[in-house]
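Beneath this line is the structure, given in structure tokens, with notes to follow.
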Amino acid sequence: QVQLVESGGGSVQAGGSLRLSCAASGYTYSRKWMGWFRQAPGKEREGVAVIYSGGIITDYADSVKGRFTISQDNAKNTVYLQMNSLKPEDTAMYYCAASDAGDIVGRVRFQAGRYRYWGQGTQVTVSS
């Protein structure tokens with residue numbers, strides 16, 4: 001049984017930093033995509049950052065490029081999202097997700113429907 005458990009959310013002021021963690025169990029990350037998504041109230045869930053097979057490939061949404069970094073500790077089977085220069089518009093519930101597939105190409109990697117397993121989410125609030 002696959003389980004994803006996020007942690008690290010919180011409240012920060014604009015310009016601050018947070019690091020989210022996603023501990024995966026029962027999941028083999030080799031040749032598969034994992035990612036971080038977020039959902040603000042009244043908005044659709046959007047892909048923020050994705051990572052392939054433990055870090056061979058990473059990709060980011062335009063809104064977070066240069067500010068967020070996704071990484072993975074393969075020994076711990078944990079995915080991280082380092083978030084710097086946070087903005088109020090980054091406020092959302094952040095979810096970790098894992099796919100069953102490796103053949104997800106292009107911007108489709110950021111579509112929530114491509115991911116089968118989800119964590120419970122961790123709240124990030126950025127105040128101005």
Side-chain angles (χ1 to χ4, degrees):
Q1 183 178 357
V2 176
Q3 190 172 17
L4 305 175
V5 179
E6 302 101 331
S7 60
S11 297
V12 294
Q13 290 191 327
S17 299
L18 283 173
R19 188 175 84 153
L20 306 183
S21 299
C22 171
S25 59
Y27 180 74
T28 302
Y29 63 83
S30 178
R31 292 184 289 178
K32 295 176 186 172
W33 288 91
M34 295 186 72
W36 286 96
F37 289 71
R38 67 186 181 187
Q39 189 167 19
K43 294 188 177 181
E44 291 188 357
R45 191 169 297 189
E46 62 171 349
V48 173
V50 295
I51 187 166
Y52 176 71
S53 196
I56 295 174
I57 303 172
T58 59
D59 201 2
Y60 300 89
D62 290 341
S63 58
V64 306
K65 276 183 181 176
R67 301 189 297 122
F68 290 11
T69 302
I70 189 170
S71 62
Q72 185 163 344
D73 183 331
N74 297 331
K76 296 181 180 179
N77 215 14
T78 299
V79 177
Y80 302 98
L81 185 67
Q82 178 66 44
M83 306 185 294
N84 298 329
S85 302
L86 282 162
K87 304 175 181 180
E89 51 262 44
D90 294 318
T91 295
M93 185 71 79
Y94 282 71
Y95 298 91
C96 177
S99 71
D100 269 345
D103 57 342
I104 308 174
V105 181
R107 304 310 284 180
V108 175
R109 299 165 186 169
F110 293 92
Q111 293 180 359
R114 296 288 179 167
Y115 293 79
R116 178 176 179 180
Y117 306 104
W118 293 86
Q120 81 288 351
T122 186
Q123 178 68 38
V124 171
T125 303
V126 184
S127 57
S128 57

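Heavy-atom basis, side chains included; hydrogens, waters and symmetry copies ignored. The chain is numbered in sequence order, starting from 1.
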Report summary line: Rounded to the nearest 0.5 angstrom, the CD-CD distance for Glu44 and Glu46 is 9.5 Å
Report task. Give every residue pair that meets the side chain to side chain donor-acceptor pair (under 3.5 Å) criterion with at least one member in residues 11-36, sequence neighbours excluded. Result -> Ser17-Asn84
Query raised in the report: With the 4.5 Å side-chain cut-off for hydrophobic clustering, are Phe110 and Ile56 part of the same group?
Result: yes
Requested in this report: Kindly work out whether a path of hydrophobic side-chain contacts (I/L/V/M/F/W/Y, heavy atoms less than 4.5 Å apart) joins Tyr52 to Tyr115.
Outcome: yes
Query - Of all pairs that satisfy salt bridge (Lys or Arg N to Asp or Glu O under 4.0 Å), the ones with a partner from residues 79-89, not counting sequence neighbours - result: none
**Report entry** Closest non-hydrogen atom pair between Ala61 and Gly47, with its separation
**Finding:** CB-O, 3.5 Å
Report task. For the pair Tyr60 and Val48, evaluate side-chain contact (heavy atoms from CB on, under 4.5 Å) and give the outcome as yes or no after the intermediate values. Result -> CA-CA 6 Å; Tyr60 300 89; Val48 173; 6.0 Å; no
Query raised in the report: Can you list every pair that meets salt bridge (Lys or Arg N to Asp or Glu O under 4.0 Å) and has a residue in residues 70-86, with sequence neighbours left out?
Result: none
Query raised in the report: For Arg67 and Leu86, which heavy atoms make the closest approach, and how far apart are they?
Result: NH1-CA, 3.9 Å
Query raised in the report: Is the side chain of Gln82 donor-acceptor paired with the backbone N or O of Thr69 at a distance under 3.5 Å, no angle test?
Result: no
Requested in this report: Just grab all the side chain to side chain donor-acceptor pair (under 3.5 Å) pairs involving residues 91-105, residues at least two apart or on different chains.
Outcome: Arg38-Tyr94, Asp100-Arg116, Asp100-Tyr117
Query raised in the report: Apart from Val5 itself, what residues make up its hydrophobic cluster when side-chain heavy atoms of I, L, V, M, F, W and Y under 4.5 Å apart count as a link, directly or indirectly?
Result: none
Query raised in the report: Of the non-hydrogen atoms in Ala112 and Arg45, which two are nearest, and what is the gap between them?
Result: CB-CD, 4.5 Å
Query raised in the report: Is it true that Met93 and Trp118 fall in one hydrophobic cluster, defined by side-chain heavy atoms closer than 4.5 Å?
Result: yes
Report task. Not counting sequence neighbours, list each pair that qualifies as a disulfide (SG to SG under 2.5 Å) and has a residue in residues 26-56. Result -> none
Query raised in the report: Checking Thr122 side chain against Gly9 main chain: does a donor-acceptor pair fall under 3.5 Å?
Result: yes
Query raised in the report: Applying disulfide (SG to SG under 2.5 Å), which residue pairs with at least one partner in residues 24-82 are found, sequence neighbours left out?
Result: none
Report summary line: For Glu6 and Gly121, the nearest pair of non-hydrogen atoms, with its separation, is OE1-N, 2.9 Å
Query raised in the report: How long is the gap from CZ on Phe68 to CG on Asp90, to the nearest 0.5 Å?
Result: 4.0 Å
Requested in this report: Check the pair Val64 / Met83 against side-chain contact (heavy atoms from CB on, under 4.5 Å), numbers first and verdict last.
Outcome: CA-CA 9 Å; Val64 306; Met83 306 185 294; over 6 Å; no
Requested in this report: May I have the step-by-step check of side-chain contact (heavy atoms from CB on, under 4.5 Å) for Ile51 and Ile57, ending in yes or no?
Outcome: CA-CA 6 Å; Ile51 187 166; Ile57 303 172; over 6 Å; no
Query raised in the report: Among Val12, Leu20, Leu81, whose side-chain contact (heavy atoms from CB on, under 4.5 Å) with Val124 holds?
Result: Leu20
Requested in this report: Not counting sequence neighbours, list each pair that qualifies as a disulfide (SG to SG under 2.5 Å) and has a residue in residues 98-128.
Outcome: none
Query raised in the report: Which pairs, with at least one residue in residues 14-128 and sequence neighbours excluded, count as a disulfide (SG to SG under 2.5 Å)?
Result: Cys22-Cys96
Query raised in the report: Partners of Lys43 by salt bridge (Lys or Arg N to Asp or Glu O under 4.0 Å), sequence neighbours excluded?
Result: none
Query raised in the report: Under the side chain to side chain donor-acceptor pair (under 3.5 Å) test, which residues partner Arg114, sequence neighbours left out?
Result: none
Report summary line: Minimal heavy-atom distance between Arg109 and Val50, with the atoms involved, is O-CG1, 3.5 Å
Query - Common cluster, Ile70/Tyr80, ILVMFWY with side-chain heavy-atom separation under 4.5 Å - result: no
Report summary line: Heavy-atom nearest pair, Ser128 first then Pro88, reads CB-CG, 3.9 Å
